[in-house]
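The structure appears right after this line, and notes come after that.
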4 protein chains.
Amino acid sequence: MSEPSKTPPTSKDVRPGPGRKRSEASRLAILSATRELIGELGYERLSIGGIASRAGVGKDTIYRWWPSKGMVVADAVLEEAQPFYLAPPARGGSVDQDVRAWVHALARDFVDPVRAGRIRAVTSAASEDPATAERLYERFTQVQRTGLIDRLRLAAEAGEVRPDADFGAVVDAILGSLMYWVTARRADLSIASVDSLLDVLLRGLRVAPESEPADGRKA
Amino acid sequence: MSEPSKTPPTSKDVRPGPGRKRSEASRLAILSATRELIGELGYERLSIGGIASRAGVGKDTIYRWWPSKGMVVADAVLEEAQPFYLAPPARGGSVDQDVRAWVHALARDFVDPVRAGRIRAVTSAASEDPATAERLYERFTQVQRTGLIDRLRLAAEAGEVRPDADFGAVVDAILGSLMYWVTARRADLSIASVDSLLDVLLRGLRVAPESEPADGRKA
Amino acid sequence: MSEPSKTPPTSKDVRPGPGRKRSEASRLAILSATRELIGELGYERLSIGGIASRAGVGKDTIYRWWPSKGMVVADAVLEEAQPFYLAPPARGGSVDQDVRAWVHALARDFVDPVRAGRIRAVTSAASEDPATAERLYERFTQVQRTGLIDRLRLAAEAGEVRPDADFGAVVDAILGSLMYWVTARRADLSIASVDSLLDVLLRGLRVAPESEPADGRKA
Amino acid sequence: MSEPSKTPPTSKDVRPGPGRKRSEASRLAILSATRELIGELGYERLSIGGIASRAGVGKDTIYRWWPSKGMVVADAVLEEAQPFYLAPPARGGSVDQDVRAWVHALARDFVDPVRAGRIRAVTSAASEDPATAERLYERFTQVQRTGLIDRLRLAAEAGEVRPDADFGAVVDAILGSLMYWVTARRADLSIASVDSLLDVLLRGLRVAPESEPADGRKA
DNA sequence: TTGTAACCGAGACGGTACGTCTGGTCTTCTA
DNA sequence: TAGAAGACCAGACGTACCGTCTCGGTTACAA
């Protein structure tokens with residue numbers, strides 16, 4: 001979530017040779033300053049020089065450890081990301097309950113203005129730099145995507161949902177909607193909208209009943 | 001789609017007073033050069049000066065008529081947008097057929113590399129400038145959204161789909177997925193994925209049958 | 001003093017042919033606006049567009065009649081130049097009296113802040129455009145120079161001053177000093193300094209007293 | 001003569017603190033390019049961007065160390081100014097000999113087309129920016145002025161010239177004439193004219209012969 | 001204990017693009 | 001046909017950042 005991308009200190013290539021160690025204080029100051037400035041200026045008006053100055057750090061210390069503004073922003077946002085929605089959905093209730101609970105928690109973050117601003121920043125970063133997009137996808141979206149897909153697969157095994165559906169497409173529709181509301185359709189995201197979408201999707205996933213008995217929820 | 005944003009010459013405020021008229025040739029050269037450069041450089045590396053120079057036009061002529069790079073890009077892309085998907089879906093067949101045909105046509109555009117590049121550019125433009133986002137939403141997304149929603153409402157009146165569903169959320173999921181694939185999940189959009197999502201959504205919208213016999217499509 | 005240089009309407013070439021006559025009101029408004037703006041902005045920050053706008057005139061009307069900013073400024077300043085010091089020195093008194101009176105009158109103008117500002121403007125105009133320099137020399141400096149030289153020549157004929165002196169160099173020293181004080185040495189011009197210089201020059205011009213002992217050089 | 005004006009590194013305030021040192025190579029390249037371009041284009045058509053490009057330097061490097069185009073020009077010209085005429089006149093001969101020799105040397109510079117062009121440039125710079133005028137006066141004119149005045153004072157003490165004359169006004173007439181010839185009356189400067197002026201001035205300064213008859217004014 | 005190598009802050013460097021302003025030209029409408 | 005209006009192409013202005021490169025100084029392992 002916060003290791004530098006240029007020299008990822010994976011356990012192997014650690015060269016403990018002489019020389020001063022990387023300053024953790026600087027790293028934290030940079031990421032923290034970045035989060036502050038995203039809130040104040042937005043991604044586009046954010047500048048490396050501005051981050052350095054706010055963090056009380058030399059520009060080179062940023063360039064030494066991150067390859068681009070986008071990557072700094074990615075790390076800054078990822079570092080403070082709620083661990084909750086990076087964990088997979090619970091498996092304790094019905095698929096409807098578990099998915100709905102997880103998506104609600106995520107949506108609540110998208111509704112918070114500060115976090116929504118960070119989401120937008122991270123989206124801008126991804127859209128102007130493929131490497132940043134890659135990193136964010138790996139560290140953020142893919143984790144959520146896999147977790148949700150796995151929960152749906154489990155439901156399929158349990159006979160709760162149709163096993164032949166394209167769970168990837170379904171999950172993309174959920175996550176894509178959230179992103180879309182926060183970026184293209186700003187200000188419009190509501191928990192109610194999320195629920196409405198889940199209503200349709202979950203109904204569409206339900207196994208075709210020979211004789212559809214009492215409905216689950218909103219019917 | 002191409003009127004200047006600073007002084008939209010709506011039929012009323014035409015002041016035929018003295019002074020040279022706006023050059024249509026320059027306007028077209030600017031928008032055309034912008035489209036070319038989006039393809040060559042992408043949105044971020046696009047510059048007003050570069051557009052002016054490619055178009056053989058003074059920078060002031062751009063600044064006179066557009067308030068920002070984003071707006072130029074918006075107009076440039078909108079001007080060449082296919083009229084097809086700005087028209088509403090057909091109403092001749094089943095809701096399934098009509099919606100699927102319309103979404104396929106749209107998706108085909110998102111798959112085309114040149115047009116996908118423009119979509120990405122326009123998305124970047126929107127994400128760095130609220131005014132541009134507003135304009136694009138009004139002229140592009142909202143038109144599509146309204147068209148699709150209306151088609152679903154018609155289907156509801158015809159008893160084809162559940163009348164109590166949140167059509168807005170459903171349509172956002174469709175359009176959001178396309179955007180999401182083209183921006184965050186690049187290179188992954190396929191007609192098959194689109195179809196899979198439509199399968200689930202349309203099934204979820206279908207009226208709950210007391211006794212649902214033979215299935216519609218992919219069952 | 002104020003005729004345009006492009007088409008000097010000397011009595012002969014007046015072509016009363018068809019078409020609207022040149023607007024005297026515009027001409028005066030331009031020159032007047034120019035004088036105002038010189039006072040407010042100085043020559044360098046003065047612009048043709050600014051003059052046109054202040055005068056309520058199209059830029060083309062200026063370009064039609066004057067070839068450069070410098071020429072407009074030259075005409076604007078010349079138009080209001082005091083006729084006094086464009087007349088030759090009086091010939092009624094001693095050379096000392098007549099020259100001193102004339103130079104005092106001129107110096108009084110150089111001391112006035114508004115007029116000094118115009119002198120500086122006209123000097124800037126001359127130094128960036130040879131044609132303007134030429135025009136100003138002909139219309140302004142040369143008239144003064146010739147008048148003063150003639151007065152000294154008259155004095156030489158009357159035996160008041162040495163006939164073999166280089167009157168041109170002497171006059172250039174007087175006029176050059178004034179210019180120098182107003183441009184390079186700003187704010188320092190005083191009537192006393194002018195008088196001091198005249199003391200030395202006039203003494204130097206005085207005919208050699210009968211018994212001039214050992215001389216330095218050219219005696 | 002060449003220290004930056006924004007942070008004049010007077011011997012005391014040297015702060016050897018962190019940060020890259022100013023590049024002497026860039027400073028010299030800038031001043032040298034400026035001199036070249038003055039010769040090719042003249043002061044008015046000279047541009048900061050042009051200097052930067054010719055010097056192979058970023059514009060910021062110029063703006064960092066000089067506050068205006070005029071100051072760059074002032075430093076560029078001052079750096080190459082002949083040390084000769086910034087030294088005071090000799091004191092070895094008669095005042096006539098010493099002053100004439102010094103003025104001849106100066107005038108020879110004003111006659112040289114390259115140096116005359118620089119003088120004109122520096123004059124333009126001074127006339128459009130008071131700070132530049134101030135700097136040039138301090139570093140150039142005042143040095144010459146003081147040197148000449150001191151030589152005349154020495155002559156007064158030696159009884160060679162009248163002690164009650166206004167030496168400042170006399171020196172201004174000499175230097176002002178040179179400037180005037182080079183700027184307003186271009187192309188006219190000749191050593192002969194200079195000598196003619198010196199004839200008159202030095203004669204006017206000479207001590208009054210014993211039997212001074214009726215005088216005009218200040219005697 | 002002392003090299004010495006990497007890190008740190010500061011900030012100057014060569015550049016690119018910005019958005020504004022001006023210059024001079026051209027076009028359109030009015031008088 | 002002149003004049004007012006104002007759009008046009010061109011390009012300089014001074015600013016802000018970019019990403020790189022010294023600087024002097026500070027750790028902290030290794031000899």
Side-chain angles (χ1 to χ4, degrees), chain A residues 7 15-23 25-26 45-53 55-65 67-69, chain B residues 15-23 25-27 29 45-50 52-53 55-65 67-69, chain C residues 17-23 25-27 29 45-53 55-65 67-69, chain D residues 15-23 25-27 29 44-50 52-53 55-65 67-69:
Chain A
T7 51
R15 178 213 23 72
R20 186 173 176 175
K21 288 295 181 295
R22 176 175 186 184
S23 160
S26 291
R45 286 185 297 164
L46 187 67
S47 72
I48 298 274
I51 295 170
S53 148
V57 138
K59 277 200 299 176
D60 248 22
T61 303
I62 299 180
Y63 283 112
R64 202 185 336 264
W65 299 108
S68 67
K69 184 173 80 164
Chain B
R15 176 207 36 68
R20 186 173 176 172
K21 289 296 181 297
R22 177 173 186 185
S23 160
S26 291
R27 207 195 107 249
R45 286 185 296 164
L46 187 67
S47 73
I48 299 274
S53 147
V57 140
K59 276 201 297 177
D60 246 24
T61 302
I62 298 181
Y63 283 112
R64 196 181 345 262
W65 299 108
S68 67
K69 183 173 81 165
Chain C
R20 188 171 168 177
K21 289 298 180 298
R22 176 172 185 189
S23 160
S26 291
R27 208 195 108 249
R45 286 186 296 165
L46 187 67
S47 71
I48 299 273
I51 295 170
S53 146
V57 138
K59 278 202 296 178
D60 252 21
T61 303
I62 299 180
Y63 283 112
R64 203 187 332 267
W65 299 107
S68 67
K69 183 174 80 165
Chain D
R15 177 204 36 70
R20 187 173 177 172
K21 291 297 180 297
R22 178 174 185 185
S23 160
S26 292
R27 207 195 108 250
E44 317 300 332
R45 285 186 297 164
L46 188 66
S47 74
I48 299 273
S53 148
V57 140
K59 275 201 300 176
D60 245 24
T61 302
I62 299 181
Y63 284 113
R64 196 179 348 259
W65 298 108
S68 67
K69 183 173 80 165

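D:Ala29 meets the side-chain contact (heavy atoms from CB on, under 4.5 Å) test with D:Ala55; sequence neighbours excluded. Scored by the side-chain contact (heavy atoms from CB on, under 4.5 Å) test, B:Ser53 finds no partners at all (sequence neighbours excluded).
Side-chain N/O atoms of D:Ser26 include none lying less than 4.0 angstrom from OP1 or OP2 on E:dA12. Close to E:dG14, at under 4.0 Å from its OP1 or OP2, lies a side-chain N or O of D:Thr61.
Interatomic distance, D:Lys69 NZ to D:Ile48 CD1, rounded to the nearest 0.5 Å: 7.5 Å. Summarising the geometry, atom CG belonging to A:Leu46 is positioned 4.0 Å from atom CD1 belonging to A:Ile51; distances are rounded to the nearest 0.5 Å.
Between the C1' atom of E:dG19 and the CH2 atom of B:Trp65 lies a distance of 18 Å, rounded to the nearest Å. To the nearest angstrom, C1' of F:dG3 lies 16 Å from CZ of C:Arg27. The interatomic distance linking D:Lys21 (NZ) with F:dT20 (C1') rounds to 18 Å, in whole Å. Atom pair B:Lys69:NZ and E:dG19:P shows a separation of 9 Å (rounding to whole Å applied). When the P atom of F:dC17 is taken as reference, atom CD1 of A:Ile62 falls 13 Å away, rounded to whole Å. Put simply, CD1 on D:Ile48 is 13 Å from C1' on F:dT15, counting in whole angstrom units. In this structure, the OH atom of D:Tyr63 is 4 Å from the P atom of F:dG14, given to the nearest Å.
Of the candidate nucleotides F:dG19, E:dG24, F:dC23, E:dG24 has the atom nearest to the side chain of C:Lys59. Taking only side-chain atoms of B:Pro18, from C-beta outward, the nucleotide of F:dG3, F:dC13, E:dC29 with the closest atom is E:dC29. Of the candidate nucleotides F:dG3, F:dC23, F:dA7, F:dG3 has the atom nearest to the side chain of C:Arg64. Comparing E:dT25, E:dG19, F:dA4 by their nearest atom to the side chain of C:Asp60 picks out E:dT25.
For the pair D:Gly50 and B:Val57, both in contact range of DNA chain F, the more 5′-proximal nearest nucleotide belongs to B:Val57. Taking for each of C:Ser68 and B:Ser47 the nucleotide of DNA chain E with the nearest heavy atom, the 5'-most of the two is the partner of B:Ser47. Residue B:Ser23 is the one, among D:Arg20 and B:Ser23, whose nearest nucleotide of DNA chain F lies closer to the 5' end (criterion: closest heavy atom). Toward the 5′ end of DNA chain E lies the nearest nucleotide of D:Gly58, the other residue of the pair D:Gly58 and C:Arg45 mapping further downstream.
Taking 4.5 Å as the limit, some side-chain heavy atom of C:Thr61 sits within range of a side-chain heavy atom of C:Arg64.
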Stepwise side chain to side chain contact (heavy atoms under 4.5 Å, CB included) check, D:Trp65 with D:Arg27:
CA-CA 9 Å; D:Trp65 298 108; D:Arg27 207 195 108 250; over 6 Å; no

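Helical stems in DNA chain E, defined as runs of 3 or more consecutive Watson-Crick or G-U wobble pairs with donor-acceptor distances under 3.5 Å: E:3-31 with F:1-29.
The two residues A:Ala52 and A:Gly58 make their nearest non-hydrogen contact at CB-C, 4.1 Å.
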